[in-house]
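Below is one structure; the comments refer to it alone.
First the proteins, then the strands, lettered A, B, ... as listed; each starts at 1.
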Amino acid sequence: MTDTSRSVPPDWPTTEAEATAVQDELRGRVILDEPGPAPDAPLVAVGVDVAYDDERDVVAAAAVALDAATLEVVGQATAVGRVSFPYVPGLLAFREIPTVLAALDRLTVEPGLVVCDGYGLAHPRRFGLASHLGVLTGLPTVGVAKNPFTFRYEQPGPLRGDTAPLLDGEEEVGRALRTREGVKPVFVSVGHRVSLDGACAQVLRLARGFRLPETTRAADALCRAALRGV
DNA sequence: GCGACAG
DNA sequence: ATCTTGTCGC
C-alpha cells in the first residue's frame, strides 16, 4: 500500500495567510553567522528539485548527493506525493518542501550542504525555499535561482566567477553569479548556516561546464524521471 | 487598482 | 513548473 500523502505534514498550511504567518514565525530560526563549508574541503553536496503533473495532482521530488570535488554521485533518492499548495510567488516552499523532505529522509548519506532551486534570503519576507528547508532540516542550504524574481541586479563581469549584487532596493539580498562566460548568470542567495561568499564559492565549485550547478542538473533529471515512472 | 513575480 | 520540433553551434 502506497500512502502518497505521507509526505505532507498534518499541520501544513492550506491558506496564504497561514503560510505567511508560518514564514514570519520560522524566519527567526535562520542561522546567518556561520560561514558554511569551506570551498576546498571535502563535501557531500545534495541537490533537490521537484517536478509536477498538475493533471494528476502529483509531485515528484529528488535528492542527489554528489562528491563536491569529483561531482561523482554518492547517493540519491526520490519521493512522490500530492500537490499540497498552489503556486504563489513568495510561497513556493509550501508547494515543494513536503515531498523534498520525504526524498531527503530516504537519502542514506549525510548532506554537508543542500542546494535548492529558488531563493533563500532573497525573498519578500526574507524566508524563501532554501531558508525554509534549512530551518526544517538544520542543514546548511543555499538557493540557486535561474531568474531574478522581483529583484534588480547589475550585470556581473563577463568572466566565470564574476558577481554583482542582487538588490532589493538598496539591500543586497543575494548575488548574480556568472558561472560561464557569455551566459546569463545564476542568482545565489543564503539559505541557512552559510555566508553569501561561501554560498557563491560552493555554487561556483559545483557549476562546471554548464550554467547550473551539477547538483541541480542531477536532481532535475532524477525528479523528471521519477514523475514518468508514476 | 493592475500587473509582475523563484518553481 | 509545463505545453513543445527542429535546428544552429561547439
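Remark: A:Arg160 does not engage A:Glu181 in a salt bridge, criterion side-chain N to carboxylate O under 4.0 Å. For the pair A:Arg126 and A:Glu171, the salt-bridge criterion is met [side-chain N within less than 4.0 Å of a carboxylate O]. By the 4.0 Å N-to-carboxylate-O rule, A:Asp168 lies too far from A:Arg152 to be salt-bridged with it. With salt bridges taken as basic N to acidic carboxylate O contacts below 4.0 Å, none links A:Arg224 and A:Asp49.
When all heavy atoms are compared, the tightest approach of A:Gly75 to A:Leu107 is C-CD1, 3.9 Å.
Remark: A:Arg175 is not positioned above the aromatic ring of A:Phe187, lacking an NZ or CZ atom under 6.0 angstrom from the ring centre and at most 45 degrees off the axis. Remark: A:Arg95 is positioned above the aromatic ring of A:Tyr52, its terminal NZ or CZ atom under 6.0 angstrom from the ring centre and at most 45 degrees off the axis.
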Quiz item: Dot-bracket for DNA chain C, 5' to 3', counting Watson-Crick or G-U wobble pairs under 3.5 Å, with [ ] for crossing pairs and | for inter-strand pairs?
Solution: ..........
Quiz item: For DNA chain B, what dot-bracket results from Watson-Crick or G-U pairs at under 3.5 Å, with [ ] for crossers and | for inter-strand partners?
Solution: .......
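One atom, CD of A:Glu55, and another, P of C:dC3, lie 9 Å apart when rounded to the nearest Å. Counting to the nearest Å, the P atom of C:dC10 and the CZ atom of A:Arg180 are 12 Å from each other.
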Exercise. Encode nucleotides 1-7 of chain B as B, S and - characters from 5' to 3', where the letter depends on protein heavy atoms closer than 4.0 Å: B to the base, S only to sugar-phosphate, - to neither.
Key: ----BBB
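Both A:Phe127 and A:Leu133 sit in one connected hydrophobic cluster of ILVMFWY residues. Membership requires side-chain heavy atoms under 4.5 Å apart, directly or through other members. Clustering ILVMFWY residues whenever any of their side-chain heavy atoms sit less than 4.5 angstrom apart, transitively, puts A:Val115 in a cluster other than the one holding A:Ile31.
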Exercise. Any chance you could lay out the side-chain hydrogen bond (donor to acceptor under 3.5 Å, both in side chains) test for A:Tyr153 and A:Glu172, step after step, and finish with the verdict?
Key: CA-CA 9 Å; A:Tyr153 68 103; A:Glu172 182 181 36; over 6 Å; no
